[in-house]
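Note that these values count all heavy atoms, side chains included, but never hydrogens, waters or copies made by symmetry. Naming: A, B, ... by sequence-line order, numbering from 1 per chain.
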Number of protein chains: 2
Amino acid sequence: MLSNSSKYAIKGVLYLALNSNADHKILVRDIYETVHVPEAYLAKLLQELSRHDIISSTRGPKGGFYLSENDRQHTLMEIVKVIDGEKRVNSCVMGIRNCNMDNPCVLHKLIGSNKSKFIKVLENTTILDLIEGKEDVEEFFPF
Amino acid sequence: MLSNSSKYAIKGVLYLALNSNADHKILVRDIYETVHVPEAYLAKLLQELSRHDIISSTRGPKGGFYLSENDRQHTLMEIVKVIDGEKRVNSCVMGIRNCNMDNPCVLHKLIGSNKSKFIKVLENTTILDLIEGKEDVEEFFPF
DNA sequence: AGATTAAAAGACATTTTTATCCTTTTTATG
DNA sequence: CATAAAAAGGATAAAAATGTCTTTTAATCT
């Protein structure tokens with residue numbers, strides 16, 4: 001449902017949300033241990049998000065990744081779609097093409113409504129929502 | 001959350017539930033097209049389930065796969081556990097080790113309760129439950 | 001018993017996902 | 001302008017998931 005890559009990406013973005021802003025950019029080198037994601041791989045994912053304007057980055061000295069105020073308005077779903085692609089998230093729990101509530105497969109009837117809820121959470125939760133009121137970084141990234 | 005393999009397996013078992021019994025065994029050859037799963041792959045999955053006594057099979061002429069009355073009492077979760085292993089289903093949505101309701105990660109707080117419901121469905125739904133009152137095979141396996 | 005049928009088992013192939021490494025490009029700053 | 005810092009990009013590797021094929025074993029029927 002969510003690939004590892006997406007989870008990694010969300011963790012990375014979360015870290016950025018808690019620790020960065022336009023005046024304080026962050027190196028992958030300084031994130032990856034805390035969020036428990038391989039350095040080079042996390043770099044790739046953040047680059048991808050940056051390319052799709054989900055997060056921000058600048059090159060060169062004093063550069064790094066960061067979240068602008070605007071970036072914080074992006075939803076989890078936007079992250080997931082960039083990393084996993086549209087198809088994966090919206091796919092039927094049973095992997096059945098064209099399966100939806102109008103033409104539900106067996107499991108859909110059972111599970112469908114829960115899954116939709118999951119998707120709604122992804123769609124309706126912004127980065128900002130996730131971190132509001134939180135400061136303790138550690139609590140966010142248990143092993 | 002659910003691997004393709006698990007979905008395939010569930011479809012196969014569902015077909016067996018609808019069409020087989022101890023006196024009427026079924027060949028993979030006669031299932032795979034209907035459930036849209038590669039023949040050899042489905043065979044593998046059913047073998048695995050049979051080995052774990054989730055479904056039944058006999059070799060040789062008049063042989064094939066089938067569900068005994070007992071087999072029908074198995075839950076979806078049992079199927080999933082055989083195919084995907086314990087870890088995969090119960091793993092945190094965020095892939096965080098040791099994450100649970102006592103020590104929840106960020107997403108867990110948002111998604112956790114939905115996910116638990118999903119798992120409860122798998123645990124509480126037997127094959128029999130799934131097919132009760134159904135006869136029309138086609139409706140079960142849209143493309 | 002022998003032939004045939006069908007699942008079981010295992011070896012092999014492909015694809016996708018995950019991960020690493022190395023080079024190139026960009027940019028800030030002395 | 002030179003240099004160093006950092007992301008971007010490309011190529012490759014490793015691992016896992018998915019899928020195919022061949023051989024072995026067991027059951028049934030003549």
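- Both B:Leu130 and B:Tyr15 are assigned to one and the same hydrophobic cluster, defined by single-linkage of ILVMFWY side chains at heavy-atom distances under 4.5 Å.
- Between the CD1 atom of A:Ile83 and the P atom of C:dT16 there is a distance of 18 Å, rounded to whole Å.
- As judged by a 4.0 angstrom heavy-atom cut-off over every strand, A:Leu46 is placed among residues making no nucleic acid contact.
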Which nucleotides of nucleotides 10-21 of chain D have their base under 4.0 Å from a protein heavy atom (B), which only their sugar-phosphate (S), and which neither (-), written as one string 5' to 3'? BB------BBB-
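- When rounded to the nearest whole Å, the span between NE2 of A:His52 and P of D:dG9 equals 11 Å.
- Rounding to whole angstrom units, NE2 of residue A:His24 and C1' of D:dA6 are separated by 15 Å.
- Between the CG atom of B:Leu27 and the C1' atom of D:dA27 there is a distance of 14 Å, given to the nearest Å.
- The side chain of B:Ser57 contributes no N or O atom lying less than 4.0 Å from OP1 or OP2 of C:dA6.
- Under 3.5 Å, the side chains of A:Tyr41 and A:Ser5 contain a donor-acceptor pair of N or O atoms.
- Between the CG atom of A:Leu42 and the P atom of D:dG9 there is a distance of 16 Å, rounded to whole Å.
- One can find a donor-acceptor pair under 3.5 Å joining the base of D:dA8 and the side-chain atoms of A:Gln47.
- No continuous path of hydrophobic side-chain contacts links B:Tyr66 to B:Val35 [ILVMFWY only; heavy atoms under 4.5 Å].
- Using a 4.0 Å heavy-atom criterion, one finds that B:Ile55 contacts no nucleic acid atom at all.
- A:Leu45 comes within contact range of no nucleotide atom at all, as no heavy-atom separation falls under 4.0 Å.
- Look at B:Glu48 and B:Arg51 and you find a salt bridge, because one of the NZ, NE, NH1 or NH2 atoms lies within 4.0 Å of a carboxylate O, short of that distance.
- Linking ILVMFWY residues whenever their side-chain heavy atoms come closer than 4.5 Å, directly or via other members, leaves B:Leu16 and B:Leu128 in distinct clusters.
- A heavy-atom distance below 4.5 Å is found between the side chains of A:Leu49 and A:Val13.
- Between A:Arg29 and D:dA6 there is a side-chain polar atom (N or O) within less than 4.0 angstrom of OP1 or OP2.
- Atom CZ of B:Phe65 is separated from atom C1' of C:dT5 by 14 Å (rounded to the nearest Å).
- Taking 4.0 Å as the cut-off between side-chain N and carboxylate O, A:Lys81 and A:Glu78 do not count as a salt-bridged pair.
- A:His74 places no side-chain N or O within 3.5 Å of a backbone atom of A:Ile127 that could act as its donor or acceptor partner.
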Could I get a table of every N or O pair under 3.5 Å where one atom is in the protein and the other is in nucleotides 28-30 of chain D?
none

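- Residue A:Leu67 is grouped with residue A:Ile131 when hydrophobic side chains (ILVMFWY) are merged at heavy-atom distances under 4.5 angstrom, including chains of intermediate members.
- For the pair A:Tyr32 OH and C:dA19 C1', the interatomic distance rounds to 14 Å; values are reported in whole Å.
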